[in-house]
J.: 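Before anything else, here's the structure in question.
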Number of protein chains: 2
Amino acid sequence: MTKNSDLRVTLSLDEIPKKWYNIAADLKGLQPTLHPGTREPVTEEDLAPVFTKSVIKQEMSTERYITIPKEVRENYISLNRPSPLQRAVNLEKVLRTPAKIYFKREDLSPVGSHKGNSALAQAYYCMKDGIHTITTETGAGQWGTALALASSIFDLDCTVFMVRVSYDQKPFRRTIMQTYGAKVHASPSPVTEYGKKLLKEHPDTTGSLGIAISEAIEMAVRDPGTKYTLGSVANSVILHQTVIGLETMEQMKKAEIVPDHMVACIGGGSNFAGFVFPMMREKMLGKTECEFVAAEPKAAASLTEGEFRYDFGDTAGMTPLFKMFTLGHDFIPSGIHAGGLRYHGMSPLVSEAYNQGLMSARSYDQTETFEAGVLFAKAEGIIPAPESTHAIKAAIDLALEAKAKNEEKTIVFCLSGHGMLDLAGYEKFISGTLASSSRMN
Amino acid sequence: MTKNSDLRVTLSLDEIPKKWYNIAADLKGLQPTLHPGTREPVTEEDLAPVFTKSVIKQEMSTERYITIPKEVRENYISLNRPSPLQRAVNLEKVLRTPAKIYFKREDLSPVGSHKGNSALAQAYYCMKDGIHTITTETGAGQWGTALALASSIFDLDCTVFMVRVSYDQKPFRRTIMQTYGAKVHASPSPVTEYGKKLLKEHPDTTGSLGIAISEAIEMAVRDPGTKYTLGSVANSVILHQTVIGLETMEQMKKAEIVPDHMVACIGGGSNFAGFVFPMMREKMLGKTECEFVAAEPKAAASLTEGEFRYDFGDTAGMTPLFKMFTLGHDFIPSGIHAGGLRYHGMSPLVSEAYNQGLMSARSYDQTETFEAGVLFAKAEGIIPAPESTHAIKAAIDLALEAKAKNEEKTIVFCLSGHGMLDLAGYEKFISGTLASSSRMN
């Protein structure tokens, strides 16, 4: 018998976590990030021209719990936090599985994904540190959207460099950022020296994420009141995202849900790590046997196909060197619809956890993830983001494995975002013209 | 001091209303709907070829409370019901108003608007009555989307006739319906006799809502296992939508919110009536002084500029005759972005309430409603549907009137849907190319 209290587990605003969890306090053997010139560990001073000082401190911190500022907690409501943990009863029925499936609903955020969790924190710290403008790059658009809203909340100027090809092909992402008040430039743009140079040399270029990063950083470096922000990979971003996993743990406790598997999609690592790291601490303490499953795209399978070594975070080789699973910084993932997962590397924190066997990973072709996404949409009513369909596919596979063994497993996955702005992929899937990831290379 | 319990008022799944409220039990002087041929009151038999019998009974009912079937209540979770009632604290701050502003969040439904509330009920009754296929027409796409999901939930086939021009210009609405499993035909289509005839005579026609209605009805009439459904105007639709207002009343009671104004946008009437009718009963009983404000578009201002008389529900003059406020069934509203409000008439129930002075109405140009929508998006993070921006504009005006008089009014409005699929209007507003409604005629 399914009780209503089990179908949708909610938390009140008063139950929002008061501290983020920093896995750097518990994960042994983490290797330092290196300066690309000296190959020595990067210092706070090295990062100061680019990032705001409060965020740099968090990047370096090994404190286990870090207080969430009151102003951030109070504004979580704008992101629809705390988000419900919901039971996928209809999906269970369709699969005829004895497994119970739950999903954490980051899709309810008005920015469409979990990205707002770190954007809100970073915008707050910039405001507190006296910064007036924040910059970033955006490709798929989720991070830029999140930062645009967060800037509006803390009354900061926000400048987003959007890869030219996305700017032209995804005008609605741009419109959302502009509605929130952000300035959006097609990159390369005439507002930076680097952009001007490129436009002169290659007037018809469609841009790249690497170029957009360079422009956003240039804008930060040339003005002390302007700082650059990152949407994934960094320790501080993952720290902010642990609000997802901390809420989920509270909800599982409330509804007496004991997970056998926790599943999330993975690109740079922010959704996966934010969702599972608080529970991974329990595993390190021997308090749970839960398996943590990262679902990555075959098109950028850094965990299942990459090497664990030092590599640059960007394509151009200008960032510090991170110890991480990487496909090589010159690896160009094929143009899958899950734009948020197209990254050659992996968060150093996730990489170390994977290296130590604290988690597993599975990789999927986009044709099979979209199939899983459509199955989920018909059963549960929600059209998931292409990124999230990777987690759904893994959860479905685990539920079918439980069925084959007739085991009553409990699977909890993170629905990282909704697909309302990514319907082109669904259209191709439905019309039978969606390319397999492998055929795209 | 703002308490957290006041910022977001939620209900548990157990607190979902058990009965809908039928205002036909309390509203005196309602005029019958007439058969277009005989001009006699329509009978259940007249409607039986088109609609399913359970819905026809509700259309005719004067019972005050009608039990919500268990299967419908259980599936409200798929529409994210019960939906929160949220305080717009940031909007209040921006307006520097002493008024308190609350909004009911129908935008959280996965179909993007309140339309799912009636779609779920109608699909359930069709299933219960042994119907295998439901049909409808869609222009803007909200109703078709809602019906597609509801059909998937109750395992019915769903056929949507989508006006050709929308089919071509709004491919993503079509994709959503197809993802939920619906068949979507560009109308006129080759699957009906009427469609075939039109395609032969006018192969290049872009279609119209009237043509799409005719095709959907033809498909229902020629097969007893197929029925047609309506998304607004009808008494039964408004009955199903009262779940919004009943939840809101429960939430207001819980948080001790006493509304001075309840505001919703209005086109055919389903959102407005669903939101305010339960409270209007309190007003008829002398228990509240609350003013009910309908916010309509200047482009289709049936309440503020129409006549109260018998008129056809459709453009072609094939439906029964309704006693309603109407601009004339041959009135063609200009192409405003709030497609869901482009209707020449008004629900007979709303029309009678307006006729009796139980509510007021205001009309707005789309340039001013989009301006209100952008202000709301920046303050509260949610980009509203163009329809909902009408309610927001009215709520803001009321808050500013309260400010001018220094009165601590309480304003509660219904956010009928989100704008993620209507960003073209925002793009025009931001780039300064949005046409005034009046200049469009």
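As a basis for the values below, the full set of heavy atoms in this structure was taken, side chains included, without hydrogen atoms, waters or symmetry mates. Proteins come first, then strands; the chains are lettered A, B, ... in the order of their sequence lines, and each starts at number 1.
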J.: Can you tell which part of Asn90(B) gets under 4.5 Å to a heavy atom of chain A, answering side chain, backbone, both or neither?
T.: side chain
J.: Out of Arg105(A), Arg174(A), His418(A), Glu74(A), return the one with the most heavy atom pairs under 4.5 angstrom to chain B.
T.: Arg105(A)
J.: Does a donor on one side chain sit under 3.5 Å from an acceptor on the other, for Ser416(A) and Ser113(A)?
T.: no
J.: Need one label for Gln86(A): side chain, backbone, both or neither, based on atoms under 4.5 Å from any heavy atom in chain B.
T.: side chain
J.: If you count heavy-atom pairs under 4.5 Å between each of Ile382(B), Asp14(B), Asp107(B), Val111(B) and chain A, which one has the most?
T.: Asp14(B)
J.: Looking at Arg81(B) and Glu106(B), is any side-chain nitrogen of the basic one under 4.0 Å from a carboxylate oxygen of the acidic one?
T.: yes
J.: For the NZ atom on Lys183(A), are there more than 12 heavy atoms of other groups (residues, nucleotides or ligands in this structure) within a distance under 6.0 Å?
T.: no
J.: Going by an N to O cut-off under 4.0 Å, is there a salt bridge joining Glu380(B) and Arg87(B)?
T.: no
J.: Check whether Leu79(B) gets within reach of chain A through its side chain, its backbone, both or neither, counting any heavy atom under 4.5 Å.
T.: neither
J.: For Glu71(A), I'd like to know if atom CD has over 12 heavy atoms of other residues, nucleotides or ligands within 6.0 Å.
T.: yes
J.: So which of Pro171(A), Ala424(A), Ser12(A) has the largest heavy-atom pair count under 4.5 angstrom toward chain B?
T.: Ala424(A)
J.: Can you tell which part of Ile77(A) gets under 4.5 Å to a heavy atom of chain B, answering side chain, backbone, both or neither?
T.: both
J.: Please look at Thr179(B) and chain A and tell me whether the side chain, the backbone, both or neither of the residue comes under 4.5 angstrom of a heavy atom of that chain.
T.: both
J.: What part of Asn75(A) gets closer than 4.5 Å to chain B, counting heavy atoms only: side chain, backbone, both or neither?
T.: side chain
J.: With chain B as the partner, which of Ala377(A), Ala150(A), Gly116(A) has the greatest number of non-hydrogen pairs under 4.5 Å?
T.: Ala377(A)
J.: Evaluate the criterion side-chain contact (heavy atoms from CB on, under 4.5 Å) for residue pair Arg173(A) and Val160(A); output intermediate values, then yes/no.
T.: CA-CA 11 Å; Arg173(A) 278 280 183 198; Val160(A) 180; over 6 Å; no
J.: Heavy-atom distance under 4.5 Å to chain A: side chain of Ile430(B), backbone, both or neither?
T.: side chain
J.: Near Glu371(A) CD, under 6.0 Å, is it more than 12 heavy atoms from other residues, nucleotides or ligands?
T.: no
